[in-house]
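For the single chain, residues carry numbers from 1 onward in sequence order. Ligands are counted one by one from 1 in listed order, and the atoms in each one are counted from 1 as well. In this text the structure is predicted, and so the values were computed from the model without any measurement.
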Amino acid sequence: MSILIRGGTVVTAEQSFRADVLCDGGLIKAVGTATEAPAGTEIVDAGGMLVMPGGIDPHTHMELPFMGTVASEDFYTGTAAAMAGGTTMIIDFVIPNPGVSLLEGFRTWRGWAEKAASDYSLHVAVTWWSEQVREEMGILARDHGVNSFKHFLAYKNAIMIDDGVLMHSIGRALELGAICTVHAENGEAVFQLQKKMLEMGITGPEGHALSRPPEVEAEATNRAIAIAEVQGAPIYIVHVSAEEAAAAIGRARARGVRAYGEVLAQHLVIDESVYRRPDWAEAAAYVMSPPFRPKHHRKALWAGLASGQLQTTASDHCCFCAPQKAMGRDNFTMIPNGVGGVEDRMGILWHHGVNEGRITANEFVRITSTNTAQIFNLYPRKGAVAAGSDADLVVWDPQGQRTISARTHHQNVDFNIYEGMTVQGLARHTISQGKLVWTDGDLRAVRGAGRYVNRPCFAPVFSALSRRATATRPGAVTREPAAAVTP
Ligand code: URQ
Ligand code: ZN
Ligand code: ZN
């Protein structure tokens with residue numbers, strides 16, 4: 001079944017131009033004007049609208065077992081909601097408990113993700129270290145298309161690792177040509193601040209923010225960068241929320257370190273006042289880590305995205321309904337950390353970014369799709385509007401308006417952190433694998449239609465590093481991208 005998207009303006013990370021887009025067999029076949037369409041082609045009228053690469057969300061946690069419960073959104077409902085918002089691929093996380101085989105964890109998550117409605121891939125978390133972990137990282141990289149490994153410097157007594165594990169893992173990833181990503185908060189400091197809050201009688205959601213000040217994020221960000229830098233390795237910091245952390249990434253990049261930063265849409269528009277809402281459930285719904293910050297942090301995050309100092313945007317979609325959040329009714333440290341947002345990321349970024357003149361439409365594409373595709377070696381299969389790329393596209397209506405609400409969203413969670421916000425700019429049509437999956441409010445997601453997408457490692461740079469290590473102090477290491485990712 002072929003689709004011709006006609007009359008729109010194609011917007012890529014590099015340029016905007018009038019063109020029709022012909023899709024067939026799950027791929028983009030032609031981008032140009034006066035494109036002939038085979039008989040039976042479905043026409044999508046994109047007049048007055050923009051045709052962009054489908055969003056890629058590099059940070060989601062569908063059906064994550066966490067803090068004694070399981071996230072309420074599963075891989076089917078979560079990818080369906082994502083497509084309703086213009087996102088056509090997610091990268092989720094395998095998070096094995098310490099001592100559990102990474103390969104076993106990977107197989108478990110692959111089973112859960114079978115129900116996905118859109119394409120997806122999986123980062124794998126290193127939550128402990130041994131020769132077995134070293135070995136399994138190699139197997140995952142070589143045989144299962146894993147080129148990114150996650151590390152939590154927070155969540156003490158659960159999945160938090162120490163600097164030794166991070167040092168080993170970054171070194172191993174470098175050998176493989178994979179990249180390490182980090183949740184950067186000093187978990188020991190958080191743990192002790194949590195105890196202090198409780199001893200002071202602060203048990204509500206406000207204690208969550210007070211126990212995770214920007215300083216604990218900045219410290220861990222600097223530490224993660226340093227542990228990568230001394231090995232000449234790249235590093236990717238997830239959910240950068242504090243200006244001090246953004247600055248640490250900017251300084252590292254200026255020194256030639258290949259450091260990347262990811263910003264969550266919610267940290268750009270919601271501030272820490274939510275934790276002071278009188279209704280406990282309303283405040284607890286916003287408990288996530290890093291927490292929402294005072295407003296002044298936003299400026300640095302937007303500036304980082306507009307300047308290229310920060311590269312990607314995500315949702316960190318990790319949903320818990322009110323009864324789950326209520327597990328921490330008397331003790332904020334028991335409130336499952338996580339919020340939704342996979343459906344609203346693109347609309348929030350377009351409205352507050354492009355409409356308000358903070359970023360251009362091309363930068364919007366860069367930070368919602370293309371940069372993620374390039375960093376995780378999915379490009380140009382994903383994150384591009386070009387012949388031969390996957391037909392994952394969004395027809396974006398810059399005039400369309402909608403008011404965000406849990407009453408109308410497609411996410412499987414009873415709360416929407418953007419409740420009541422009106423945005424101008426929305427996905428009018430979403431095409432996944434060359435099929436219309438969302439059109440004018442009609443969601444046609446198919447359970448299990450999604451594919452696991454391999455992400456080949458970059459050429460191992462260890463040899464280059466060892467050459468450099470003898471000649472000079474370890475510094476920036478260029479990552480020669482592997483050959484174009486073949487569908
Ligand atoms: O830390 C994360 O990224 C996961 C556990 C989701 N929860 C959160 O609060 N960000
Ligand atoms: Zn995290
Ligand atoms: Zn996360």
Participant: Distance under 4.0 Å to a non-hydrogen atom of Met288: what atoms of ligand 1 satisfy this?
Facilitator: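 Every atom of ligand 1 under 4.0 Å from some heavy atom of Met288: 9 (O), 10 (N).
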Participant: Let me confirm one number: the CG-CZ distance from Asn186 to Arg212, rounded to the nearest 0.5 Å.
Facilitator: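 Answer rounded to 0.5 Å: 10.5 Å.
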Participant: Give the residue and atom name of whichever protein heavy atom lies nearest to atom 4 (C) of ligand 1, and the separation in Å to one decimal.
Facilitator: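 So the nearest neighbour among protein heavy atoms is His61 NE2, 3.4 Å.
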Participant: Would you check whether Phe93 reaches within less than 4.0 Å of ligand 1, judged by its heavy atoms?
Facilitator: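 Flag not set, Phe93 not near ligand 1.
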Participant: Does any donor atom in the side chain of Thr60 or Asp92 lie under 3.5 Å from an acceptor atom in the other side chain?
Facilitator: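 Indeed, the side chains of Thr60 and Asp92 share at least one donor-acceptor pair under 3.5 Å.
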Participant: Please work out whether the ring planes of Tyr452 and Phe106 are parallel, tilted or perpendicular, with thresholds of 30° and 60°.
Facilitator: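 Because their plane-to-plane angle is over 60°, the rings of Tyr452 and Phe106 count as perpendicular.
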Participant: Answer yes when Glu175 and Arg172 have at least one side-chain N-carboxylate O distance shorter than 4.0 Å, and no when they do not.
Facilitator: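 Yes.
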Participant: Ring-plane angle category for Tyr286 and Phe415, please: parallel below 30°, perpendicular beyond 60°, tilted otherwise.
Facilitator: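 Plane angle over 60°, so perpendicular.
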Participant: Is there a donor-acceptor pair under 3.5 Å between the side chain of Glu262 and the backbone N or O of His239?
Facilitator: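 Present.
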Participant: Could you check whether any side-chain N or O of His151 sits under 3.5 Å from a backbone N or O of Thr181, counting only pairs where one atom can act as donor and the other as acceptor?
Facilitator: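 Yes, the answer is positive, given that a donor and an acceptor are paired below the 3.5 Å cut-off.
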Participant: Is a side-chain donor-acceptor pair under 3.5 Å present for Tyr236 with Thr312?
Facilitator: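 Side chains of Thr312 and Tyr236: pair found under 3.5 Å.
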Participant: Looking at Arg223, Lys195, Lys156, which hits salt bridge (Lys or Arg N to Asp or Glu O under 4.0 Å) with Glu188?
Facilitator: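 Result for salt bridge (Lys or Arg N to Asp or Glu O under 4.0 Å) with Glu188: Lys156.
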Participant: Considering only heavy atoms of Cys318, which atoms of ligand 1 have at least one such atom less than 4.0 Å away?
Facilitator: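 Listed by number with element, the hits are 6 (C).
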Participant: List ligand 1 atoms under 4.0 Å from His59, heavy atoms only on the residue side.
Facilitator: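 By the 4.0 Å cutoff, the relevant atoms are 3 (O).
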Participant: Any idea which atoms of ligand 1 are less than 4.0 Å away from a heavy-atom of His239?
Facilitator: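 Listed by number with element, the hits are 3 (O).
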Participant: Considering just N/O/S atoms, say which atom of His61 is closest to the Zn ion (ligand 3).
Facilitator: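 Considering only N, O and S atoms, His61 comes nearest to the Zn ion (ligand 3) through NE2.
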Participant: Quick one: do Tyr418 and His409 satisfy ring-ring contact (aromatic ring centres under 6.0 Å, His included)? Show the steps, please.
Facilitator: CA-CA 11 Å; Tyr418 304 110; His409 72 198; over 10 Å; no
Participant: With the Zn ion (ligand 2) as the centre, enumerate protein N/O/S atoms below 2.8 Å in chain and residue order.
Facilitator: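 The answer, once waters are left aside, is His183 ND1, His239 NE2.
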Participant: Give me the residue, atom name and distance of the protein heavy atom closest to atom 7 (N) of ligand 1.
Facilitator: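 Nearest neighbour among protein heavy atoms for atom 7 (N) of ligand 1, to 0.1 Å: Asn337 O, 3.1 Å.
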Participant: What I want to check is whether the side chains of Thr69 and Gln324 have a donor and an acceptor closer together than 3.5 Å.
Facilitator: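 Yes - a donor-acceptor pair under 3.5 Å links their side chains.
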Participant: Could you tell me the residue and atom name of the protein heavy atom closest to atom 10 (N) of ligand 1, and the distance to it rounded to 0.1 Å?
Facilitator: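 So the nearest neighbour among protein heavy atoms is Asp316 OD2, 2.7 Å.
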Participant: What is the minimum heavy-atom distance between Val240 and Leu301, and which atoms define it?
Facilitator: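 Heavy atoms of Val240 and Leu301 come nearest at O-CD2, 3.5 Å.
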Participant: Tell me the protein heavy atom at minimum distance from atom 9 (O) of ligand 1, and give that distance in Å.
Facilitator: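 Answer for atom 9 (O) of ligand 1: Ser289 N, 2.6 Å.
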Participant: Can you tell me which residue and heavy atom of the protein come closest to atom 2 (C) of ligand 1, and the distance to 0.1 Å?
Facilitator: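 Ranked first by proximity to atom 2 (C) of ligand 1 is Tyr155 OH, 3.6 Å.
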Participant: Can an N or O of His183 be found at a distance shorter than 3.5 Å from an N or O of ligand 1?
Facilitator: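 Looking only at distances, the answer is yes, because the N/O contact criterion of under 3.5 Å is met.
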